[in-house]
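These notes concern the structure reproduced below.
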Protein chains: 2
Amino acid sequence: MEQKVDKKEIQEQRVRGYFIQATKDMLKGEGLKSLSVRSIAERAGYSYATLYNYFKDVQTLVFECVKDFQDECVDFVLAEIKDDVRGLPAIEQIAKGYIKYFVQYPGIFELFFVERVNQMSNNSNTLEMIYNFLDRLTSSEWEYCKTKKILKKEVAESKRNELRYAVMGLLLFYNNRRQPASYQEFTAMCDAVIRGILRQ
Amino acid sequence: MEQKVDKKEIQEQRVRGYFIQATKDMLKGEGLKSLSVRSIAERAGYSYATLYNYFKDVQTLVFECVKDFQDECVDFVLAEIKDDVRGLPAIEQIAKGYIKYFVQYPGIFELFFVERVNQMSNNSNTLEMIYNFLDRLTSSEWEYCKTKKILKKEVAESKRNELRYAVMGLLLFYNNRRQPASYQEFTAMCDAVIRGILRQ
DNA sequence: AAATAAAATTAACATTGTTAATGTTAATTA
DNA sequence: TAATTAACATTAACAATGTTAATTTTATTT
């Protein structure tokens with residue numbers, strides 16, 4: 001009897017996976033605007049109603065992609081930074097990689113930080129994971145700064161907060177309001193702001 | 001013949017005003033989520049299709065509220081600050097008032113910074129007005145800092161940018177992701193971040 | 001092979017933005 | 001004043017959306 005349950009579980013997870021993969025593809029491609037129950041289901045190879053046999057609603061499905069995208073973003077950022085750099089320059093590079101990822105995939109930016117959340121997906125675990133995402137990426141480097149006496153504990157704490165919010169603001173203005181107007185100006189602004197915050 | 005045109009113009013502007021007022025009321029109340037062509041028209045006392053005799057589409061109508069809300073926000077902020085304060089403390093108070101306004105009216109925050117824009121409303125004049133909004137509110141105080149030699153020109157410029165983006169990040173996380181979880185924690189965080197940036 | 005359980009689909013509904021056709025006033029002309 | 005026309009407003013309709021219920025198809029068990 002154990003086996004039967006397992007088999008059923010495996011199959012169910014497989015189908016769930018098809019829907020999740022379809023959703024992820026669309027989020028990375030067209031973005032949130034072209035995402036719909038019908039378009040997801042079509043891409044997954046099922047009818048639209050089948051989705052509701054596996055997910056409570058479309059918001060729940062969409063929020064199940066968060067974890068995967070975070071993992072992908074971590075890989076993306078790690079690939080961007082030179083591994084001999086430590087401390088403040090490392091933090092700068094991580095922040096820039098992080099920004100680059102969310103500019104490349106504005107749909108994922110929307111999903112993480114913008115899209116209205118409902119009860120279900122509003123499981124505050126996910127929300128906190130999102131909130132602390134940049135902090136987790138940079139935490140070891142902040143530690144490095146503290147142990148190497150580059151920064152005092154309180155200063156590091158303060159800069160960490162400032163960086164988290166400033167990066168978010170930069171992304172919001174550029175992704176949602178096209179300000180600054182060109183990518184060049186935008187990266188120059190990122191540079192200035194990040195360095196301004198990290199400078200002692 | 002001039003008169004007839006004027007009269008027509010006046011009446012048209014009046015009706016437009018009814019729709020705009022209805023939209024503004026809803027944005028301040030229920031927010032963007034409950035906003036629809038039908039709900040706006042009902043509140044304005046017209047049928048939903050009448051709206052299209054006065055506005056190209058609903059997005060255009062909604063974006064016509066931006067200017068009015070900016071004026072309102074300016075009044076709100078000015079009422080919050082003590083008028084004997086100048087320079088950095090004044091900038092701090094302005095930033096806090098600005099934050100307070102957009103926390104009080106999350107629907108207006110969404111309209112200004114979050115909602116997807118289309119071709120028409122994407123008249124970059126409005127977008128730039130939004131982008132520079134906090135800067136306009138604080139500009140005279142930054143000038144004050146420079147003329148009184150409190151800050152060097154480049155430092156002031158840098159801090160102005162950092163503040164703009166950090167304030168946006170704070171609002172985005174709190175309004176859209178309920179992080180920090182309580183209003184108390186949030187205001188404490190605003191305090192820390194704003195002071196961190198403004199501290200020489 | 002028949003009965004039953006599981007999975008997937010079609011049909012349907014309510015809500016949305018938008019347009020076209022129609023009705024209803026107000027203004028102009030004869 | 002009565003008929004015509006222009007302006008304005010409304011109803012009807014469509015397509016797209018999320019979601020649910022009923023139904024059909026497929027797989028499993030007896």
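Chain identifiers are assigned alphabetically (A, B, ...) following the order of the sequence lines, protein sequences preceding nucleic acid strands; residue numbering begins at 1 within each chain. Remember, predicted model here, so these are calculated numbers, not experimental data. Both backbone and side-chain heavy atoms feed into the values below; hydrogens, waters and symmetry mates do not.
- Put simply, CD1 on A:Ile10 is 14 Å from P on C:dA7, counting in whole angstrom units.
- Between B:Thr50 and D:dT10, a side-chain N or O to OP1/OP2 separation shorter than 4.0 Å is present.
- In this structure, the OH atom of A:Tyr18 is 14 Å from the P atom of C:dA7, given to the nearest Å.
- Among the heavy atoms of the strands lying under 4.0 Å from A:Tyr46 are primed sugar atoms or P, OP1, OP2 only; no base atom is included.
- Here the side chain of A:Arg38 is nearest to one of C:dA8, D:dT10, C:dA12, namely C:dA12.
- Using the six-membered ring where Trp is involved, A:Phe173 and B:Tyr165 have ring planes that are perpendicular, over 60° apart on the 30 and 60° scheme.
- The CG atom of B:Asn53 sits 9 Å away from the P atom of D:dT10 (whole-angstrom rounding).
- At least one donor-acceptor pair under 3.5 Å links the side chain of B:Thr138 to the backbone N or O of B:Leu134.
- The interatomic distance linking B:Glu115 (CD) with C:dG17 (C1') rounds to 13 Å, in whole Å.
- Between D:dT10, D:dA21, D:dT17, one nucleotide has an atom nearer to the side chain of A:Ala49 than all others, and that is D:dA21.
- Here D:dT19 presents its P atom at 10 Å from CD1 of A:Ile40, a figure rounded to the nearest Å.
- Between the P atom of D:dT17 and the CG atom of A:Asp57 lies a distance of 17 Å, rounded to the nearest Å.
- Counting only distance, with no hydrogens or angles, the side chain of A:Arg136 and the backbone of A:Met129 share a donor-acceptor pair below 3.5 Å.
- As judged by a 4.0 angstrom heavy-atom cut-off over every strand, A:Ser36 is placed among residues touching the sugar-phosphate backbone only.
- For A:Val58, whose side chain is taken as the heavy atoms from C-beta onward, the closest listed nucleotide among C:dT9, D:dA13, D:dT19 is D:dT19.
- Here CG of A:Leu127 is found 6.5 Å from CZ of A:Phe63. Values are rounded to the nearest 0.5 Å.
- Counting distance only, with no hydrogens placed and no angle test, the side-chain atoms of B:Tyr48 and the base atoms of D:dA12 include a donor-acceptor pair under 3.5 Å.
- D:dC8 atom C1' lies 17 Å from atom OH of B:Tyr52, rounded to whole Å.
- The side chain of B:Tyr54 approaches D:dA9 more closely than any other nucleotide in the set D:dT11, D:dA9, C:dT10.
- Taking the six-membered ring for Trp and thresholds of 30 and 60 degrees, A:Phe102 and A:Tyr98 have ring planes more than 60 degrees apart, a perpendicular arrangement.
- Contacts of A:Phe55 with the nucleic acid, taken as non-hydrogen atoms under 4.0 Å apart, are absent.
- A straight line from NZ of B:Lys56 to C1' of C:dT18 spans 11 Å, rounded to a whole angstrom.
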